[in-house]
Amino acid sequence: MRVFKFGGASVKDANGIKNVYDVLQQVGYDDVLLVVSAMGKTTNALEVVIKNYFERSAELQSSLQDVKKYHNQILLDLFEDDKNAVFTAINQLFSDLEGFLKSNKSPNYNFVYDQIVSFGEIISTTIISHYFNFRGLKNQWLDVRNFIKTDTTYRDAIVDWEQTQKLISKNVKKKVLNITQGFLGSDENNFTTTLGREGSDYTAAIFAYCLNAESVTIWKDVPGVMNADPRYFENATLLNQISYREAIELAFYGATVIHPKTLQPLQRKEIPLFVKSFLNPSLPGTSVSKGADLEPHLPCFIVKKEQLLISLSSIDFSFIMEENISEIFGLLHQYKMKVSLIQNSAISFSVCIEDKFGNFNDLKNVLSKKFKVSYNENVSLYTIRHFNEKASEMVEKGKQVLLKQVSRETMQIVTKETTN
């Protein structure tokens, strides 16, 4: 079986969905499992619904209506009339969403987030499944929440691999086209969980691992894995092939083409990963496999924007020792801070973090009881794999360098834009 993943950009409108159908006609669809994300920016739109639910109830219905109108327009563009059963199915899903908003009693933001945002993927795959049937492409729609089981860490759930393996290997039919959702799972009480933003790639890897898949293909709007994000760097170059190890390094440092958790299950079973363009499916794209040399071998640039650089120093000028660092990391974990870089000296400790859950002020208040805390907001963290002097100079030009760290293969630079 082959596993294909199509992200939100590939199904953002009716033409995108038609293009996915065309891609399958070109590359084949027998014995394929399709993992699909929410359409376009639906996840962002549902996040507005959630925010209004908690903070601006007067605007809740308007934001929900925006999501409905977006999907209804796609339905009208795809189907000849509104007699297709998909219209009833989508109306029912929106009724279910409104029912949850009315009946929910939980004040837990992360729990509510997962229950609401998950409708994006459910609606998306329902529309696509019906459209494929409408075009004569028979398929089996699967609710991924019946297969991927997790703990109750809402918004960043941890997979129960043993239970998930049993459910997938036993219940997913091969030799047919299966369509399921990315990003989602469910806990032991069957409440919806999510695997973290951009978690659809991870979903594809989970299914591939459990099904001993032939390969995974992530279909993107770029030719493959580039040595730099073309939004931030000029002259980005396609990487024809990279190893699992190199791809994991790039993902760890923040490369957005491949989700950080995606590669580990694939590596364990040596399942090759391909990153290809849904706009030009005949192009070879990038292959990721065991031991493949980086080709071409050149510097790879990664940038993470809107980071926080925190510097801690001891109030009494005593050394910051292992027990202090252990306590700091315990707090970073407790407040769900994603650590990207650390540096320490005798009496100071610096860390570059991503405040994904908006917990920095609470963390700062706790740290201030034991340390002098200084910080820079909205900094950028640049990582250069296989760096050289020219690459370093290019990144540093026109910026204030707050911190630089160099190892044999990797250079990391924390910068702030300079103002004239």
Side-chain angles (χ1 to χ4, degrees), residues 1-40 42-43 71 74 78 86 89-90 93 118-148 164 167-169 171-185 195 198-221 258-259 262 265-266 271-279 281 285:
M1 175 174 279
R2 293 176 296 163
V3 177
F4 293 168
K5 180 261 178 174
F6 285 90
S10 66
V11 292
K12 65 182 180 181
D13 53 27
N15 286 333
I17 295 168
K18 292 174 182 177
N19 183 66
V20 172
Y21 173 88
D22 292 339
V23 169
L24 294 178
Q25 298 299 318
Q26 291 184 55
V27 302
Y29 49 81
D30 292 330
D31 206 16
V32 165
L33 184 137
L34 214 61
V35 174
V36 185
S37 301
M39 293 176 167
T42 297
T43 300
H71 288 90
I74 291 174
L78 284 175
V86 69
I90 298 305
L93 287 171
S118 59
F119 278 90
E121 277 73 17
I122 301 297
I123 292 169
S124 170
T125 52
T126 300
I127 291 174
I128 291 167
S129 177
H130 277 82
Y131 177 71
F132 284 1
N133 282 325
F134 175 69
R135 293 287 300 272
L137 181 52
K138 301 303 179 185
N139 62 88
Q140 178 167 299
W141 184 89
L142 306 175
D143 189 333
V144 72
R145 296 170 294 186
N146 295 330
F147 298 91
I148 295 181
T164 298
L167 290 169
I168 290 177
S169 58
N171 297 302
V172 174
K173 294 180 181 178
K174 298 187 177 183
K175 307 301 181 185
V176 298
L177 174 62
N178 295 282
I179 299 176
T180 194
Q181 307 78 36
F183 183 48
L184 311 180
L195 307 178
E198 311 302 330
S200 293
D201 293 356
Y202 187 36
T203 304
I206 293 168
F207 273 99
Y209 179 90
C210 295
L211 293 167
N212 295 312
E214 172 189 329
S215 63
V216 173
T217 303
I218 298 174
W219 296 94
K220 308 282 286 186
D221 56 358
I258 305 173
H259 192 278
T262 298
L266 300 180
I271 298 170
L273 169 69
F274 300 96
V275 181
K276 302 184 70 172
S277 169
F278 60 74
L279 301 173

J.: Do the non-hydrogen side-chain atoms of Ser215 and Phe274 ever get within less than 4.5 Å of each other?
T.: yes

J.: With no hydrogens and no angle check, is any side-chain donor or acceptor of Ser277 less than 3.5 Å from a backbone partner on Asp221?
T.: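 The answer is no, because no donor-acceptor pair under 3.5 Å joins these two groups.
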
J.: Roughly how far apart are Ser200 OG and Lys5 NZ, rounded to 0.5 Å?
T.: 5.5 Å

J.: Is Ser10 close to Phe278 at the side-chain level, that is, under 4.5 Å between some pair of heavy atoms?
T.: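 Answer yes - side chains close enough.
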
J.: Could you state the interatomic distance from CD (Gln140) to NZ (Lys173), rounded to the nearest 0.5 Å?
T.: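 The distance works out to 5.0 Å.
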
J.: Measuring only between side-chain heavy atoms, which start at C-beta, is Val35 closer than 4.5 Å to Phe6?
T.: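 Not touching, per the 4.5 Å side-chain cut-off.
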
J.: How close do Gly182 and Glu121 get, counting heavy atoms only, and between which atoms?
T.: O-CG, 3.3 Å

J.: State whether Lys174 and Asp31 are salt-bridged, where the test is any N-O pair (Lys NZ or Arg NE/NH1/NH2 against Asp/Glu carboxylate O) under 4.0 Å.
T.: no

J.: For a side-chain contact (heavy atoms from CB on, under 4.5 Å) check, start with the C-alpha distance between Phe4 and Val216, then their side-chain angles and the critical distance, and finish with the verdict.
T.: CA-CA 6 Å; Phe4 293 168; Val216 173; over 6 Å; no

J.: Work out which heavy atom in Val3 is nearest to a heavy atom in Ala213; give both atom names and the distance.
T.: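 Looking at all heavy atoms of both residues, the closest pair is CG2-CB, 4.0 Å.
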
J.: So do the side chains of Val11 and Ser124 get within less than 4.5 Å of each other, counting heavy atoms only?
T.: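 They are in side-chain contact.
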
J.: Check whether any side-chain N or O of Gln181 sits under 3.5 Å from a backbone N or O of Leu142 as a donor-acceptor pair, and report yes or no.
T.: yes

J.: Show me the donor-acceptor pairs within less than 3.5 Å that the side chains of residues 127-135 make with the rest of the protein, sequence neighbours left out.
T.:
| residue | atom | partner | partner atom | Å |
| --- | --- | --- | --- | --- |
| Ser129 | OG | Asn139 | OD1 | 2.6 |
| His130 | ND1 | Thr126 | O | 2.9 |
| Tyr131 | OH | Arg135 | NH1 | 2.5 |
| Asn133 | OD1 | Asn139 | ND2 | 3.4 |
| Asn133 | ND2 | Ser129 | O | 3.3 |

J.: Under the side-chain contact (heavy atoms from CB on, under 4.5 Å) criterion, do Thr217 and Val27 qualify, and how do the steps go?
T.: CA-CA 11 Å; Thr217 303; Val27 302; over 6 Å; no

J.: Would you say that Leu93 contacts Ile90 through its side chain, given a criterion of any heavy-atom pair below 4.5 Å between the two side chains?
T.: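 In short, these two side chains touch, coming nearer than 4.5 Å.
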
J.: What distance do Cys210 atom SG and Leu167 atom CG have between them, rounded to the nearest 0.5 Å?
T.: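 CG of Leu167 is found 9.0 Å from SG of Cys210.
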
J.: If you round to the nearest 0.5 Å, how far is CD1 of Ile218 from OG1 of Thr262?
T.: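 Here the rounded value is 5.5 Å.
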
J.: First locate atom CG of Leu34, then atom OG1 of Thr125, and finally report the distance between them rounded to the nearest 0.5 Å.
T.: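 These two atoms lie 10.0 Å from each other.
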
J.: List the atom of Leu33, the atom of Val172, and the distance in Å for their closest heavy-atom pair.
T.: CD1-CG1, 4.0 Å

J.: Between Phe147 and Leu184, is any pair of side-chain heavy atoms under 4.5 Å apart?
T.: no

J.: Could you walk me through whether Leu78 and Lys18 satisfy the side-chain contact (heavy atoms from CB on, under 4.5 Å) test, starting with their C-alpha distance in whole Å, then the side-chain angles of each, then the deciding distance to 0.1 Å, before giving a yes or no?
T.: CA-CA 8 Å; Leu78 284 175; Lys18 292 174 182 177; 4.1 Å; yes

J.: Find out whether Asn178 and Val176 are in side-chain contact, i.e. whether some heavy atom of one side chain is under 4.5 Å from a heavy atom of the other.
T.: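 Yes; the side chains approach each other to less than 4.5 Å.
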
J.: Between Thr203 (side chain) and Phe183 (backbone), is there a donor-acceptor pair under 3.5 Å?
T.: yes

J.: Treating Asp13 as the side-chain partner and Ile74 as the backbone partner, does any N or O pair qualify as donor plus acceptor under 3.5 Å?
T.: no

J.: Which value, rounded to the nearest 0.5 Å, describes the distance between Leu266 atom CG and Tyr202 atom OH?
T.: 10.5 Å

J.: Between Thr42 and Gly120, what is the shortest heavy-atom contact and its length?
T.: CG2-CA, 3.9 Å

J.: Arg145 versus Ile122: any side-chain heavy-atom pair under 4.5 Å?
T.: yes

J.: May I have the step-by-step check of side-chain contact (heavy atoms from CB on, under 4.5 Å) for His71 and Met39, ending in yes or no?
T.: CA-CA 8 Å; His71 288 90; Met39 293 176 167; 3.9 Å; yes

